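Encoded as structure tokens, the structure appears first; notes follow it.
Given the structure is predicted, the values throughout are model-derived calculations rather than measurements. Throughout, residue positions are numbered sequentially from 1 according to the sequence presented.
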Amino acid sequence: MKNPYEVLGISPSATNEEVRDAYRKLAKKYHPDNYSESPLSDMAEEKMKEINLAYDEILRIRAEEKNNKQNSDNYSKYNADYGSRRSEYARVRQAINAGDFKAAEEMLNQVEQLQRDGEWFFLKGCILLHQGYHFDAVRYINRACELEPNNEEYATLRDNLRAQTNAYGDPQSRQGGGCSICDICSFLVCLDCLCR
């Protein structure tokens, strides 16, 4: 196919309006209805096909360029957002390491829900763990592992927490003669009955 801009007689830097005007001018000149009774009818029809193809090609090229630019802009915006979140998460980690869990949690809560990724859930789990909310922490860290299954840091903490939970729940591993809270409650109920 010929260069579509050459077919329409315009420069690639022409505006969309200039492209449209050039197309209309040539379409008016070479429209087959103008040559219906002429021996040039076949040539005009071929020229019109060429003009239509060129115009369609220019529209396609420009639409593709526009999409590429939008995708590039969106990618740049995503990278900027991602970078700012990374630095925010670094500050959250610093607050956690300094023992300032309230500040860390406040920073995390400022992240919009739709932007909460594996790192967000991991850090939230770490805060909860430090505050003594073991089971809630496990839930958040499990979610972090679901969102980023290849992250070794998340998986290591999750596995350590599972091991602790299993050890805590295993009567053989408990100290104190295997007395559970249920055993203590049962003993107190019986004692209460006997003391009446």
Side-chain angles (χ1 to χ4, degrees), residues 12-13 16 60-196:
S13 63
N16 288 341
R60 186 194 65 74
I61 290 169
R62 290 185 175 207
E64 192 174 287
E65 287 171 352
K66 183 179 178 182
N67 281 343
N68 288 342
K69 183 179 181 336
Q70 285 175 340
N71 289 341
S72 174
D73 290 347
N74 289 342
Y75 182 75
S76 297
K77 183 182 181 311
Y78 171 78
N79 280 340
D81 289 347
Y82 182 77
S84 71
R85 261 185 288 154
R86 287 288 142 210
S87 64
E88 186 67 24
Y89 290 154
R91 287 193 295 278
V92 171
R93 284 178 180 262
Q94 288 172 346
I96 291 171
N97 291 336
D100 191 355
F101 305 116
K102 183 178 179 185
E105 195 163 20
E106 285 173 4
M107 285 186 269
L108 278 181
N109 289 340
Q110 291 176 3
V111 176
E112 292 180 31
Q113 281 212 288
L114 293 176
Q115 294 182 340
R116 293 178 180 179
D117 56 6
E119 179 83 355
W120 188 93
F121 282 91
F122 175 76
L123 294 173
K124 180 74 170 182
C126 289
I127 292 168
L128 291 168
L129 192 60
H130 284 289
Q131 293 173 330
Y133 301 108
H134 181 83
F135 292 106
D136 289 334
V138 168
R139 236 179 12 151
Y140 278 90
I141 291 165
N142 283 338
R143 182 67 179 135
C145 291
E146 289 170 8
L147 292 170
E148 295 181 35
N150 297 326
N151 189 305
E152 290 182 31
E153 180 184 22
Y154 306 168
T156 301
L157 181 57
R158 178 199 59 205
D159 295 343
N160 288 341
L161 289 173
R162 281 182 182 167
Q164 288 174 5
T165 302
N166 289 340
Y168 178 75
D170 180 11
Q172 305 266 336
S173 68
R174 278 190 245 125
Q175 296 190 1
C179 246
S180 73
I181 194 75
C182 291
D183 295 336
I184 294 169
C185 285
S186 298
F187 174 75
L188 290 173
V189 168
C190 289
L191 189 60
D192 185 49
C193 288
L194 291 174
C195 291
R196 286 187 189 189

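- When every heavy atom of Gly125 is checked against every heavy atom of Ala137, the shortest pair comes out as O-CB, 3.2 Å.
- For the pair Leu157 and Phe122, the minimum side-chain heavy-atom distance is below 4.5 Å.
- Formation of a donor-acceptor pair under 3.5 Å by the Arg116 side chain with backbone atoms of Val111 is found in this model.
- When the side-chain contact (heavy atoms from CB on, under 4.5 Å) test is applied to Glu64, the partners found at least two apart in sequence or on another chain are Arg60, Asn68.
- Contacts of Asn16 classified as side chain to side chain donor-acceptor pair (under 3.5 Å), with partners at least two apart in sequence or in another chain: Arg62.
- Across all non-hydrogen atoms, the minimal contact from Leu147 to Gly118 is CD1-N, 3.7 Å.
- Sorted by first and then second residue, the pairs that involve residues 104-114 and meet salt bridge (Lys or Arg N to Asp or Glu O under 4.0 Å), not counting sequence neighbours, are Glu105-Lys124.
- Tyr154 has its side chain within reach of Glu119: a pair of non-hydrogen atoms, C-beta onward, lies under 4.5 Å apart.
- The distance from atom CG of Leu123 to atom CG of Leu129, rounded to the nearest 0.5 Å, is 12.5 Å.
- Applying the salt bridge (Lys or Arg N to Asp or Glu O under 4.0 Å) definition to pairs two or more places apart or across chains, those involving residues 131-150 are Asp136-Arg139, Arg143-Glu146.
- Distance check: Gln131 CD to Cys126 SG gives 11.5 Å after rounding to the nearest 0.5 Å.
- In this structure Thr156 satisfies the side chain to side chain donor-acceptor pair (under 3.5 Å) test with no other residue, sequence neighbours excluded.
- The structure places CG of Asn142 at 5.5 Å from CZ of Arg162, a figure rounded to the nearest 0.5 Å.
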List the steps, then state whether side chain to side chain contact (heavy atoms under 4.5 Å, CB included) holds for Leu108 with Tyr89. CA-CA 8 Å; Leu108 278 181; Tyr89 290 154; 4.0 Å; yes

Check: residues 94-102 side-chain donor-acceptor pairs under 3.5 Å, at least two apart:
residue, atom, partner, partner atom, Å
Asn97, ND2, Arg93, O, 3.3
Asp100, OD1, Ala103, N, 3.3

